Amino acid sequence: MKSLPNEMYGVQLTKHGDLDALTFNENIPLPKLSDNDVLIEVRAAGVNNTDLNTRKGWYSKGDNNAEDAGWAGNALNLPLIQGADVCGYITAVGNNVSKERIGERVIIEPCLVEVDSKPLSTPWYFGSECNGGFAQFTKVASRHAHAVNSTMTDVELASFPCSYSTAENMLHRANVKTGERVFITGASGGVGSAAVQLAKARGAYVVAVTSEQKQSAIQALGADKTVLRDEDWQHMAESEPFDVVIDLVAGPRWPELLEILKPFGRYATSGAIAGHDVSLDVRTLYLKDLTLLGCTILGHDVFANLVKHIEAGNIKPLVSSTFPLSEIHQAQQEFEQKKHIGKMVLTLQPK
């Protein structure tokens, strides 16, 4: 085992706000392991909506009040190392972890039920309630570091954890089955493109919402049909309504997503990029016997099942571009423009 430094480089969120809230620091203390932890040398870390939302204080319900800006409705412990998507190599282990794990290439399950060898009553999110992967090294409970046997690159594997586990969790919660009709919004984003692939892996018929210039790329992922964001969805669904809606967008057209569902249809969401305040006609909800599902905490075995999909080649990575970690400002600027398909990934080099 190679000797470890006392300090590492990384990006720290020092406040809520614009890009100047992110500071590149080459003198961050190396994480200290508790008994059940592993230390991971990070090679690649994906960029997600949650990184930008957390930086801006978007999760706060008090007008971007820093007192409740974490996923769990609490204040964040700043400075914070963000980054929920990680691929890296285990370089050290805690006292309760087998040394045979050293050298394993792993991806991190971002929804944590254990931190510092203590169980959590309410799950934390990696890179939000605790430090994440935008650094040379990171630590996590061994149970959340999943070895992956794959020929994919580190960058490709880093595109999976957050987006694909979120998508798989939504499909799991909505109990999507073979032959069902599934309508997916935001299909060109990280979670949406993952949901297209994973729904097809379940044998569903997938209709995906995207822009005109991205239709062919989404069809190449397996979507049976693509529709535009400004099309008449209700007219399209009159003859064949949907069993399930997987929604990442919400916003002004949200009521239509319930109208296109069959009786006893299921609606699942894990995002609201077009706006979180929506209008609900409760009569639609109860007269159609609909089920509404909010999905954040990963269900049991969801991440392990995702790893199986990766190893079996059932899903493929969709990396739009890469940036060195030091160029995180540029990466987040381009991410926010929403011109890409799939994931942007930050790369880290060992010193």
Side-chain angles (χ1 to χ4, degrees), residues 107 109 146 148-150 152 156-157 159-210 214-228 231 233 236-249 257-271 288-295 297-318 341-343:
I107 57 176
E109 179 179 10
H146 293 250
V148 182
N149 180 17
S150 172
M152 293 184 195
E156 289 172 331
L157 288 178
S159 72
F160 288 119
C162 185
S163 298
Y164 282 73
S165 66
T166 299
E168 177 65 13
N169 193 47
M170 296 170 76
L171 297 166
H172 169 76
R173 292 282 305 282
N175 193 26
V176 172
K177 298 182 287 290
T178 299
E180 290 193 313
R181 289 173 56 81
V182 179
F183 190 83
I184 300 174
T185 67
S188 62
V191 178
S193 59
V196 169
Q197 294 187 61
L198 289 164
K200 289 304 299 179
R202 288 171 175 253
Y205 180 92
V206 173
V207 176
V209 182
T210 188
K214 296 177 181 178
Q215 283 183 300
S216 60
I218 302 305
Q219 290 167 1
L221 290 178
D224 296 283
K225 183 178 180 179
T226 55
V227 296
L228 301 180
E231 280 191 47
W233 302 341
M236 174 198 67
E238 283 177 358
S239 59
E240 290 186 285
F242 291 88
D243 300 280
V244 175
V245 166
I246 300 296
D247 181 31
L248 293 314
V249 175
L257 297 175
L258 303 192
E259 295 293 345
I260 67 175
L261 282 167
K262 294 178 180 179
F264 298 98
R266 292 97 72 197
Y267 166 92
T269 181
S270 68
K288 295 180 75 171
D289 287 278
L290 301 179
T291 298
L292 306 186
L293 300 162
C295 306
I297 298 171
L298 297 188
H300 183 64
D301 286 340
V302 164
F303 201 84
N305 288 337
L306 172 61
V307 172
K308 290 177 183 177
H309 279 301
I310 294 170
E311 294 183 335
N314 295 335
I315 52 178
K316 60 182 180 180
L318 193 60
I341 298 175
K343 294 299 293 285

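Every value quoted in this text rests on a predicted model; they were computed, and no experiment measured them.
Partners of F183 under the ring pair (Phe, Tyr, Trp, His ring centres under 6.0 Å) rule, at least two apart in sequence or in another chain, are W233, F242. Residues satisfying the salt bridge (Lys or Arg N to Asp or Glu O under 4.0 Å) criterion with E156, sequence neighbours excluded, are absent altogether. For the salt bridge (Lys or Arg N to Asp or Glu O under 4.0 Å) test, no residue two or more places apart in sequence or in another chain qualifies with D289. Residues meeting the salt bridge (Lys or Arg N to Asp or Glu O under 4.0 Å) test with K177, sequence neighbours left out: E180. For N169, the side-chain hydrogen bond (donor to acceptor under 3.5 Å, both in side chains) test picks out no residue, with sequence neighbours left out. Applying the side chain to side chain contact (heavy atoms under 4.5 Å, CB included) test to K214 and every residue at least two apart in sequence or in another chain returns S188, T210, S211, I341. Looking at residues two or more places apart in sequence or on another chain, you find a side chain to side chain contact (heavy atoms under 4.5 Å, CB included) between E259 and Q234, T284. With sequence neighbours excluded, no residue satisfies salt bridge (Lys or Arg N to Asp or Glu O under 4.0 Å) with E311. Applying the ring pair (Phe, Tyr, Trp, His ring centres under 6.0 Å) criterion to H172, with sequence neighbours excluded, gives no partner residue. Scanning for side-chain hydrogen bond (donor to acceptor under 3.5 Å, both in side chains) contacts around Y205 gives an empty result, with sequence neighbours left out.
A heavy-atom distance below 4.5 Å is not found between the side chains of Y267 and L290. The side-chain heavy atoms of F160 and I315, taken from C-beta on, include a pair separated by under 4.5 Å.
A salt bridge is defined here as a Lys NZ or Arg NE, NH1 or NH2 lying under 4.0 Å from an Asp or Glu carboxylate O, and K262 with D243 meets this definition.
Under the side chain to side chain contact (heavy atoms under 4.5 Å, CB included) test applied with V207, the options V196, V227, V245 reduce to a single match, V227.
Within the structure, the side chain to side chain donor-acceptor pair (under 3.5 Å) test picks out the following pairs touching residues 298-310 (sequence neighbours left out): H309-N314. Legend: salt bridge (Lys or Arg N to Asp or Glu O under 4.0 Å) pairs involving residues 159-176, not counting sequence neighbours, sorted by first then second residue: E168-R202.
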